> 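Please see the structure below; I have some questions.
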Amino acid sequence: MTSTLDGFSALLLYSAMGVYAIAFIAFTLDLARRSAAVTAVAESGAERIARARATGGYAGSARGSTAVLDQAPAVTAPRPRESVSLRVGVTLAILGWALHLGATVLRGIAAGRVPWANMYEFCMTGTLLIMGVFLLLLTRRDLRFLGAIITGLVVLMLGVATLGFRVSVVPLPPALQSYWLVIHVLVAILGTSFFTVGFALSVVQLVQARRENGATGGLRLPASVPGSVALENSAYRVIIVGFIFWTFTLIAGAIWAEHAWGRYWGWDTKEVWTFIIWTIYAGYIHARATRGWRGSRSAWLAIVGYSAVLFNFGIVNVFFKGLHAYSGL
Amino acid sequence: MSRSSEVARPSDHIESDSIDAADPVGPRLGPIGWLRFAWRQLTNMRTALFLLLLLAIAAVPGSLVPQRSSDPNGVAQYRIDHPDLYPIVDKLQGFDVYTSIWFSAIYLLLFLSLIGCVLPRTLHHWRALRARPPRTPARLTRLDAVETRMVDGSAEDALLRAEALLRRGRYRLERYGPSISAERGYLRETGNLVFHASLVGILIAVALGGSFGYSGQKIVVEGEPFVNYVAGYDSFTRGRLVADTSLDPYRISLDKLDVVYEEENANAVGQAIDYTASVTVQQPGGGPSTPATIKVNSPLDVDGTNVYLLGNGYAPRITVRNADGAVAFAGAVPFLPQDQNLTSVGVVKVPDGLASQVGLIGFLYPTPAKLSTGALTSAFPGLQDPVLALNVFTGDLGLDKGVPVSVYTLDTASLTQLAGRPTDVPAVQVAVGQTVELPNGLGTITLDGVSRYASLEIHHDPTQGWVLAFAILVLAGLLTSLFVPRRRMWVKVHEDGDGRLRVEYAGLARGDDPGLAVAVRELADEHSGGAASAQIRASRTT
């Protein structure tokens, strides 16, 4: 029974990866097509947001639950020519997410517990939440230009997870049998998801800043992508949400460590890296108030911070010795 | 966070380039002047950011090199693997990164810088809390977020309605002529200060906990007691201010350690899925004894100390008799697990009572199975007809020199091996209940049974509640300082003479405030009460 369900779960996950891959192609095509057609009638990010709002793209969004988000004036703009491949991309991303959700839920049922107790499951749930956070943010603001980066990252991570980390369902070791597994790890995954979106925004911000500084050649973005300052503000708002989740992860982890290992902080390798990530993102938040650090430099900090997140997950879990060695590999 | 040089600024105010872009040639500084200069530099925002990032970098080596505090065996292994590098890394305090001089220097400077920033800001915030909102600027249209509406009625009436609206929005108000000045979001700065002050609180609580806390490990075999006093531990570390008499001498007896292994899931046969230690706690002074259980994620609280179950293993109960049948050794000997299936290794030392001193290196196979080579192995961690195989050594065990020797190792260099590989005599094998002859007529050995032992850790940290409280304050401060918008709002009524009132509404963000424009517009719409704008609002909120 367990292995049958797990088999279905894997099948759904492969399907989701396929759909995400096609969504990635659609998003990329959209970027390529529109950047080729950059014209003088370029639309600013604010105009684009306003338009989306006016055309009902923002109806029903629940304001104020996380960040206080921007709401531009409700201006009536001429109905734009919507890119077909952009809509295809979003639709496929939603379809892929539904399959992905099914895969994750089935894995959880097969294991009889939350589906994030080893690296394979962590990747599966982590990418599910990355896509989920991205799709959720889409209902509030037009971040579809991030679609290529996000779906690309998710497909890549799922590929690594299914090829490198896949393990069969096994019971939880006693150290993981705690409700803190649900809280601590889930919040860590949520924090990671927001950091991922923040990372993508910071990358686009850097590319955009280069273009605004008159650099030619290299990557070209469609004119509909917001300016680097707007991107920086968006990245900041997404990252502070991630930072709060990360702070909670640290505290919850310390409480659990006190229950399981007899001390709340012991500089275990994973604790060290969680601390490093927290410090880098704290630096990122302070950088905005520091002369000479706003703009591209703080974007680089966000990228360094996210690299540390990936390092903490991909390298520390697998190659470093420590108490958090529950990868199941 | 802004710094003392411009304390009047909100937390996330952006420094402009013009403030001190052109540094004047300063006057000659006396000692106080230099101190002030150093303090200014230290509490400078850029210095703080630099220290913060430096702290992140300085933490990295501690994850690359094993640390004495968390992995002492790893440090010993590093010494063997890298004999050339070891003294250099040790000299640089690379095995004690988080207590090293350089790491401490960075975080102490960072905290000093932080305190130097928080104190003047607290003072400033205290004044701001008691101050009146500032005068209305002469030309509101210069501000970022401005709206203008035409309103009917009297000026006084319009101002009163605006005041009511702003009061509902939790603004603090002040009337200046035909205008209202309002400010809200003081909680943002309060949260910011609470966040930073709580970080200092955590640091102090951790430091105090290190001085007043202690922790120790003890291996306890089933049926045996443990008493909480310094000499009762196998290993013990304590803070500087912990006296021998600080320990509460309660007694814990391990009645039974139950372990459940997975048997059905083919992918995980033999994986431990539960450990439960049943213990009896006896309070000091002849109090009543109470039964309790300890599990991996649920420690036992005894008199302000926590008792954790951190490890387990087997302890064979062995009796060694001499050729005449007199007992030379009897007891349960904890063996150290070597693999998933708990093949365990231990040492029995018999210094007296036999014709010569005898040392035994034992291999315990909880569920024995034969490899193709004929050697024994263990196929399952549970006990199913366990077998103990012993290599027998004789000679001087080195116990009489007064030098402490580990009970888990036997130095065989100066001993003569009598049985077990590589000698021709096979190792002595004994099953539970059996008695087997030792070689050379030394005597006999009996395996009376196999008990389990628990590795208990006792931990006392008087300040960890404080650390938790400060950590929660950190989180609360962070939430308010990042998400409560701090803004000023002005409403100004102009009587242009055509019978209608022209009302200007303007907002100024103090810090990151993405919702400012919306807030000003909503105030303007609500105040002017236009039917059209009300409709737009209604359609947007449904």
Side-chain angles (χ1 to χ4, degrees), chain A residues 2 59 66-74 167-175 177-178 180 233 236-237 240 243-244 247-248 251 254-255 258-269 272-273 275-276 279-280 282-283 285-294 301 316 320-323, chain B residues 1-2 11-15 17 45-46 48-49 52-53 55-56 59-60 62-63 66-67 69-71 74 97-98 215 262 265 267-268 271-275 295-299 306 308 310 457 459 461 464 467-468 471-472 474-475 478-479 482-483 485 512-515 517-518 521 536 540:
Chain A
T2 294
T66 48
V68 186
L69 289 172
D70 190 11
Q71 281 202 339
V167 287
S168 317
V169 172
V170 297
L172 281 181
Q177 293 168 13
S178 166
W180 286 106
N233 288 337
Y236 176 73
R237 276 165 225 150
I240 56 177
F243 183 70
I244 283 173
T247 309
F248 184 85
I251 297 173
I255 297 173
E258 197 276 324
H259 278 286
W261 299 326
R263 84 286 182 293
Y264 55 84
W265 192 262
W267 297 107
D268 175 59
T269 46
V272 170
W273 277 93
F275 169 78
I276 291 172
T279 312
I280 296 174
I285 289 172
H286 284 90
R288 280 173 61 91
T290 308
R291 194 176 338 126
W293 276 84
R294 222 177 149 83
L301 266 186
V316 175
F320 284 33
K321 203 176 144 188
L323 290 168
Chain B
M1 188 159 115
S2 71
S11 59
D12 31 16
H13 163 77
I14 309 151
E15 292 181 41
D17 283 321
M45 185 68 195
R46 269 194 281 194
L49 183 60
L52 195 59
L53 296 178
L55 188 67
V60 174
S63 71
Q67 297 296 296
S69 57
S70 56
D71 185 16
V97 166
Y98 305 106
S215 69
E262 176 65 41
N265 186 332
N267 294 313
Q271 185 193 311
I273 47 180
D274 185 59
Y275 300 105
K295 291 169 85 85
V296 171
N297 262 305
S298 64
N306 279 328
Y308 302 88
L310 286 193
E457 169 144 335
H459 196 92
D461 186 344
Q464 73 184 18
V467 176
L468 179 63
I472 290 168
V474 161
L475 196 63
L478 194 62
L479 278 168
L482 289 178
F483 293 134
D512 189 71
D513 184 3
V518 181
R521 199 174 58 245
I536 290 174
R540 198 181 295 139

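So you know, we letter chains A, B, ... as the sequences are listed, proteins then strands, and number each from 1. Please read all numbers here as calculations on a predicted model, not as lab measurements.
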> With a 4.5 angstrom heavy-atom cut-off, could you sort out which part of B:Val60 is near chain A: side chain, backbone, both or neither?
both

> Keeping B:Tyr308 on the side-chain end and A:Glu258 on the backbone end, is there a donor-acceptor pair under 3.5 Å?
yes

> Side chain, backbone, both or neither: which part of A:Ile251 has an atom under 4.5 Å from a heavy atom of chain B?
side chain

> Please classify the contact of B:Asn267 with chain A as side chain, backbone, both or neither, using a heavy-atom distance under 4.5 Å.
both

> For A:Thr247, what residues pass the side-chain hydrogen bond (donor to acceptor under 3.5 Å, both in side chains) criterion, not counting sequence neighbours?
A:Trp278

> Heavy atoms, side chains only, cut-off 4.5 Å: are A:Arg263 and B:Ser215 in contact?
no

> Quick one: ring pair (Phe, Tyr, Trp, His ring centres under 6.0 Å) partners of A:Phe275, sequence neighbours excluded?
A:Trp267

> With only heavy atoms counted, which part of B:Leu479 is less than 4.5 Å from chain A, the side chain, the backbone, both or neither?
both

> Report which part of B:Ile273 has an atom under 4.5 Å of a heavy atom belonging to chain A: side chain, backbone, both, or neither.
both

> Between B:Leu52 and chain A, which part of the residue has a heavy atom less than 4.5 Å away: side chain, backbone, both or neither?
both

> Checking B:Gln67 against chain A: side chain, backbone, both or neither under 4.5 Å from a heavy atom?
neither

> Side chain, backbone, both or neither: which part of B:Asn297 has a heavy atom under 4.5 Å from chain A?
both

